[in-house]
Amino acid sequence: MATTLADLFRGEMLQFDGVSRFSPSRRFTAIFRQSDPADSIFFVSAGLVKLFNRGHDNKEVTLRIAAPGEWFGEDALTENATRGSSAEVVQEAVIFTIPRTVLSAFAAKRPEFWPLVVNSLAERLRSAEEKVQLLCTADVETRILHFVRSLASRLKDDGQSSHFSIPLSQSELASLIGGTREASSTALNMLARKGVLDLRRRLMVIPSLEALEPSPAEEAAEALSASAQAGSRP
């Protein structure tokens with residue numbers, strides 16, 4: 001079985017001298033803020049971390065959610081960089097801080113590390129492009145389902161059960177999918193009535209992955225969109 005980036009982090013890198021366990025790690029704990037110096041990357045061993053920006057109007061835009069087995073803080077891969085976003089715990093987490101110097105020392109011993117990092121960054125770019133496409137073409141309910149399916153599948157890959165709790169408020173979810181709080185609330189209530197999810201305070205409970213599977217109409221729309229996107233490439 002091929003070694004994954006998470007395997008290298010968990011199996012070897014986290015044991016390197018200089019790596020530290022981030023604490024405290026309760027909800028709302030700030031890990032770094034936009035424009036802070038970027039000299040470390042971070043690995044999520046447990047819990048969830050929100051990456052976000054705030055504009056001049058103080059409106060929050062959630063960029064992505066880092067799940068267990070994932071890393072963030074890629075600004076630190078270049079020297080003298082600053083953070084382009086903020087990071088905050090949204091579910092009690094175990095997070096490891098890996099200084100750039102430790103990263104370089106590890107990569108010198110394990111040359112397969114950098115190709116895996118490139119693959120990881122390429123996957124993030126693909127996800128970002130997919131998100132932009134959804135913002136332009138999909139309704140709020142479709143965007144919510146897409147996000148929840150994506151996060152649930154990543155949690156499942158990390159060995160968690162088919163019953164998931166996603167600790168995001170309706171405002172945070174609206175920020176993530178690029179919708180208003182009102183439109184997101186309406187769509188969430190519709191999904192709750194369908195039994196797809198259960199709404200609680202600052203929490204969405206997903207009873208099963210099967211409930212998140214796209215309908216035939218959604219699958220047809222996604223296939224058409226993918227075809228159109230492929231046809232637009234040079």
Closest non-hydrogen atom pair, [X] against [Y]:
| X | Y | result |
| --- | --- | --- |
| L188 | M204 | CD2-SD, 3.7 Å |
| Q91 | S165 | NE2-O, 3.8 Å |
| S86 | N53 | N-OD1, 4.1 Å |
| P68 | G47 | CD-O, 3.2 Å |
| I65 | L176 | CG1-CD2, 4.3 Å |
| D75 | A38 | CB-CB, 3.7 Å |

Start with the C-alpha distance between F22 and V94, add both sets of side-chain angles, then the distance that settles side chain to side chain contact (heavy atoms under 4.5 Å, CB included), and finish with yes or no.
CA-CA 7 Å; F22 186 87; V94 177; over 6 Å; no
Using 0.5 Å steps for rounding, measure from the [atom1] atom of [X] to the [atom2] atom of [Y].
| X | Y | atom1 | atom2 | answer |
| --- | --- | --- | --- | --- |
| L191 | R193 | CG | CZ | 9.5 Å |
| R202 | I166 | CZ | CD1 | 15.5 Å |
| N189 | L197 | CG | CG | 9.5 Å |
| S120 | L125 | OG | CG | 11.5 Å |
| F113 | L8 | CZ | CG | 7.5 Å |
| M13 | D7 | CE | CG | 12.0 Å |

Is there a salt bridge (Lys or Arg N to Asp or Glu O under 4.0 Å) between E123 and R126? Walk through the geometry before answering.
CA-CA 5 Å; E123 176 61 23; R126 185 199 65 78; 2.6 Å; yes
Please determine whether the number of non-hydrogen atoms from other residues, nucleotides or ligands lying under 6.0 Å from atom CZ of R33 exceeds 12.
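Atom CZ in R33 is crowded, with more than 12 foreign heavy atoms closer than 6.0 Å.
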If you draw a 6.0 Å radius around CZ in R21, do more than 12 non-hydrogen atoms from other residues or ligands fall strictly inside?
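For R21, atom CZ is not crowded (no more than 12 foreign heavy atoms under 6.0 Å).
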Under 4.5 Å between side-chain heavy atoms, counting indirect links through other Ile/Leu/Val/Met/Phe/Trp/Tyr residues: same cluster for [X] and [Y] or not?
| X | Y | value |
| --- | --- | --- |
| I31 | I41 | no |
| I95 | V19 | no |
| M190 | V140 | no |
| L199 | L168 | yes |
| L103 | L121 | yes |

Whether the side chain of [X] engages the backbone of [Y] through a donor-acceptor N/O pair (distance < 3.5 Å, no angle test) should be reported.
| X | Y | answer |
| --- | --- | --- |
| R100 | L77 | no |
| T142 | A138 | no |
| T180 | A183 | yes |
| S175 | S171 | no |
| S40 | T97 | no |
| S153 | R149 | yes |
| N119 | L116 | no |

Do the side chains of [X] and [Y] get close enough for a salt bridge, i.e. N-O under 4.0 angstrom?
| X | Y | answer |
| --- | --- | --- |
| R64 | E74 | yes |
| E60 | R54 | yes |
| R124 | E70 | no |

Does the side chain of [X] reach to within under 4.5 Å of the side chain of [Y], using non-hydrogen atoms?
| X | Y | value |
| --- | --- | --- |
| L51 | T62 | no |
| F9 | I98 | yes |
| E130 | V132 | no |
| V49 | V90 | no |
| V102 | P99 | yes |
| S20 | F96 | no |

Are S85 and F52 close enough, and set up right, to give a side chain to side chain contact (heavy atoms under 4.5 Å, CB included), and what steps lead you there?
CA-CA 6 Å; S85 61; F52 65 97; over 6 Å; no
Taking the six-membered ring of F106 as reference, does the cationic atom of K109 (NZ for Lys, CZ for Arg) lie under 6.0 Å from its centre and within 45° of its axis?
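Ring-cation test returns no.
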Are R10 and W71 in a cation-pi setup, meaning NZ or CZ lies under 6.0 angstrom from the ring centre and within 45 degrees of the ring axis?
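So R10 doesn't make the cation-pi contact.
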For F42 and F32, take the angle between the two ring planes, folded into 0 to 90°, and tell me which bin it lands in: parallel under 30, tilted 30 to 60, perpendicular over 60.
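F42 vs F32 ring planes: tilted.
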Could you list the residues that satisfy salt bridge (Lys or Arg N to Asp or Glu O under 4.0 Å) with R27, not counting sequence neighbours?
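Listed in chain order: E172.
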Please step through salt bridge (Lys or Arg N to Asp or Glu O under 4.0 Å) for the pair K50 and E88, ending with a clear verdict.
CA-CA 5 Å; K50 174 177 69 175; E88 184 178 276; 3.8 Å; yes
Run I177 and H146 through side chain to side chain contact (heavy atoms under 4.5 Å, CB included) and show every step you take.
CA-CA 9 Å; I177 67 166; H146 175 84; over 6 Å; no
Side chain to side chain contact (heavy atoms under 4.5 Å, CB included) evaluation trace for V44 with L48:
CA-CA 7 Å; V44 184; L48 297 171; over 6 Å; no
Checking Q170 against S184 for the side chain to side chain donor-acceptor pair (under 3.5 Å) test, could you report, in this order, the C-alpha distance in whole Å, the side-chain angles of both residues, the deciding distance, and whether it holds?
CA-CA 7 Å; Q170 293 188 23; S184 299; over 6 Å; no
